[in-house]
Novice: 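Below: one structure in structure tokens.
In what follows, chains carry the letters A, B, and so on, assigned in the order in which the sequence lines appear, proteins first and then strands, with residues in each chain numbered from 1.
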Protein chains: 2
Amino acid sequence: MTPASRTPAAPPAPPLRERKKQRTRQTLIDTALTLFTRRGFGSVTLDELCAEVEVSKRTFFRYFTSKEDVALAPLHDVWRAYQGELAARLDALRATGDAADAVRTTGSDGPQTLLHLMRDALLAALDRTAADTDWTRRALLSHRLAERTPSMVAHGLHFCERTTGDVLELLHGALVLDGPDDPRPRFAGEMLLSAHRHALATWSARAGADPEPAPADVPDEAQLAALVRESVAALADGLALTATPRRTG
Amino acid sequence: MTPASRTPAAPPAPPLRERKKQRTRQTLIDTALTLFTRRGFGSVTLDELCAEVEVSKRTFFRYFTSKEDVALAPLHDVWRAYQGELAARLDALRATGDAADAVRTTGSDGPQTLLHLMRDALLAALDRTAADTDWTRRALLSHRLAERTPSMVAHGLHFCERTTGDVLELLHGALVLDGPDDPRPRFAGEMLLSAHRHALATWSARAGADPEPAPADVPDEAQLAALVRESVAALADGLALTATPRRTG
DNA sequence: CCATTTATGCCACTGAGTGGCACAAGCCTG
DNA sequence: CAGGCTTGTGCCACTCAGTGGCATAAATGG
């Protein structure tokens with residue numbers, strides 16, 4: 001923090017101005033999560049939040065599109081990273097022209113399923129995002145908050161939907177498909193979403209129900225990653241599940 | 001409309017007061033769809049809409065929970081019906097204890113998959129809802145509106161999510177599953193949702209792009225039903241789709 | 001040190017959504 | 001066809017999210 005401290009081994013050292021922006025953004029997110037968690041999403045006004053962070057409301061809206069947006073930022077970040085990861089993988093695929101060796105994360109047999117390609121991109125995104133200091137804690141708070149805040153659910157679903165839409169454009173540019181209306185990649189994308197949401201819910205439920213967990217009580221992203229894998233694997237079972245009536249007892 | 005006209009073969013004749021309510025509701029929906037379609041969702045204020053229908057804003061909110069809600073009402077009605085249909089089918093299933101003959105809509109081999117059970121419930125719901133006079137026209141307007149109105153998308157997704165949640169409770173009460181956290185029924189429910197959304201999009205796209213279609217230009221619900229079947233059938237292909245890179249050219 | 005860009009603050013404004021209360025219209029008695 | 005009772009509606013004032021415009025302050029680059 002001292003002005004004279006030289007950055008030990010920083011990459012290209014981000015332009016000083018950018019730092020402040022990121023710092024305000026992070027502060028907004030953190031105080032928002034704290035306040036919302038403590039007193040409920042609906043009971044905290046933006047004016048309060050802004051006063052707390054000492055930022056004008058106008059400025060808040062230059063960082064986030066809505067009150068819900070700031071509360072969901074940690075979760076949204078994953079999806080942004082996912083989009084990037086997937087784009088990179090698709091480029092690699094097109095370059096080598098071979099699905100099998102383009103993606104090193106799988107020592108698989110034959111060309112990969114799109115769903116698995118997406119899953120791996122998501123896992124990589126998770127890994128990258130979670131590299132940030134205590135992302136998991138924030139993500140947990142974010143998700144817990146969403147569980148009891150309908151408008152956050154709506155906002156989150158919509159965000160995912162938009163991301164899926166963007167991803168679909170990438171896919172249609174990079175893969176051989178049955179025309180621009182082929183529903184299969186969309187289905188795959190939405191299934192991944194389902195799986196991810198379930199993984200997140202399970203992850204959150206497994207952690208202690210502490211409303212403001214200490215850093216130590218927060219489950220790590222490895223557990224989440226494992227749950228994502230499980231969930232994706234379970235998708236096919238969901239499709240094939242037969243309806244066995246329960247005996248009334 | 002004449003007071004003395006005797007209802008020819010009306011069932012029990014709904015309590016006169018209820019009629020007015022339904023009429024106001026329908027008027028609100030129709031004028032909302034018209035105004036929104038003509039001038040855009042965001043450019044019509046609730047005050048305008050209410051003035052047009054000659055109803056106070058306070059009253060509006062006794063019928064609908066939000067501005068988005070009224071614009072999506074036709075689509076929401078299907079899901080409400082779906083919930084009812086599914087509940088009925090589950091009851092039938094539990095009563096007979098046999099999946100095969102409980103549901104007459106399918107002359108299938110062996111017990112039915114949950115997905116197909118849900119699909120049939122949705123188709124039945126569609127059928128029932130579309131019995132109302134020009135539901136299809138309204139639904140089409142509703143969907144077209146949603147396509148260019150982000151907040152409507154968010155609201156619609158959230159509504160479906162809630163419905164799915166309610167349905168899951170029914171399922172866990174009626175079916176043999178792997179405990180309360182078994183993700184399979186949830187996956188099935190969300191896949192049906194995906195399929196339905198795709199069907200709706202295709203249906204809407206196939207109809208002429210007329211912003212205010214004449215009744216004759218509106219596709220019927222049979223076409224939508226067919227698309228739902230197709231989409232559900234295509235789900236498995238989405239799951240299994242292999243990522244074949246497109247040759248750059 | 002100055003000029004340009006870029007982030008922020010301030011202020012006034014729209015419009016969705018809510019709560020409270022008084023009023024009127026349908027509705028069940030006798 | 002009173003009477004009270006229930007239920008839906010109108011009106012009013014209020015909160016608060018979100019936006020636009022313009023002046024100002026801070027970083028950047030010469």
Novice: Who does dG29(D) pair with, Watson-Crick or G-U, both distances under 3.5 Å?
Specialist: dC2(C)

Novice: Answer yes or no: is there an ion pair linking R39(A) with E48(A), defined by an N-O contact shorter than 4.0 Å?
Specialist: yes

Novice: Under a 3.5 Å limit for both distances, which nucleotide forms a Watson-Crick or G-U wobble pair with dC28(C), could you say?
Specialist: none

Novice: Heavy-atom distance under 4.5 Å between the side chains of D47(B) and C50(B), does that happen here?
Specialist: no

Novice: Decide if the gap between the ring center of W79(A) and the ring center of H196(A) is smaller than 6.0 angstrom.
Specialist: yes

Novice: Can you tell me how far P of dA13(D) sits from CG of D47(B), to the nearest Å?
Specialist: 15 Å

Novice: Taking OP1 and OP2 of dG8(D), is either one under 4.0 Å from a side-chain nitrogen or oxygen of K21(B)?
Specialist: yes

Novice: Base of dG9(C), side chain of R62(A) - is there a donor-acceptor contact under 3.5 Å?
Specialist: yes

Novice: Report which part of the nucleic acid E48(B) touches: base, sugar-phosphate, or nothing (heavy-atom distance under 4.0 Å, all strands).
Specialist: nothing

Novice: Measuring from the side chain of Y63(A) (C-beta onward, heavy atoms only), which nucleotide among dA17(D), dG17(C), dT8(C) has the closest atom?
Specialist: dT8(C)

Novice: Report yes if the distance between the aromatic ring centroids of H155(B) and H76(B) is under 6.0 Å, otherwise no.
Specialist: yes

Novice: Which of these nucleotides, dC10(C), dG10(D), dA27(D), is closest to any side-chain atom of R17(A)?
Specialist: dA27(D)

Novice: Describe the nucleic acid contact of F60(A) in one word from base, sugar-phosphate, nothing, applying a heavy-atom distance below 4.0 Å.
Specialist: nothing

Novice: Can you tell which of dG18(D), dT8(C), dT9(D) lies closest to the side chain of T24(B)?
Specialist: dT9(D)

Novice: Once hydrogens and angles are ignored, does a donor-acceptor distance under 3.5 Å link the base of dG8(D) to the side chain of K20(B)?
Specialist: no

Novice: Using a distance-only criterion (donor-acceptor N/O pair, under 3.5 Å, no hydrogens), is the base of dG20(C) paired with the side chain of R58(B)?
Specialist: yes

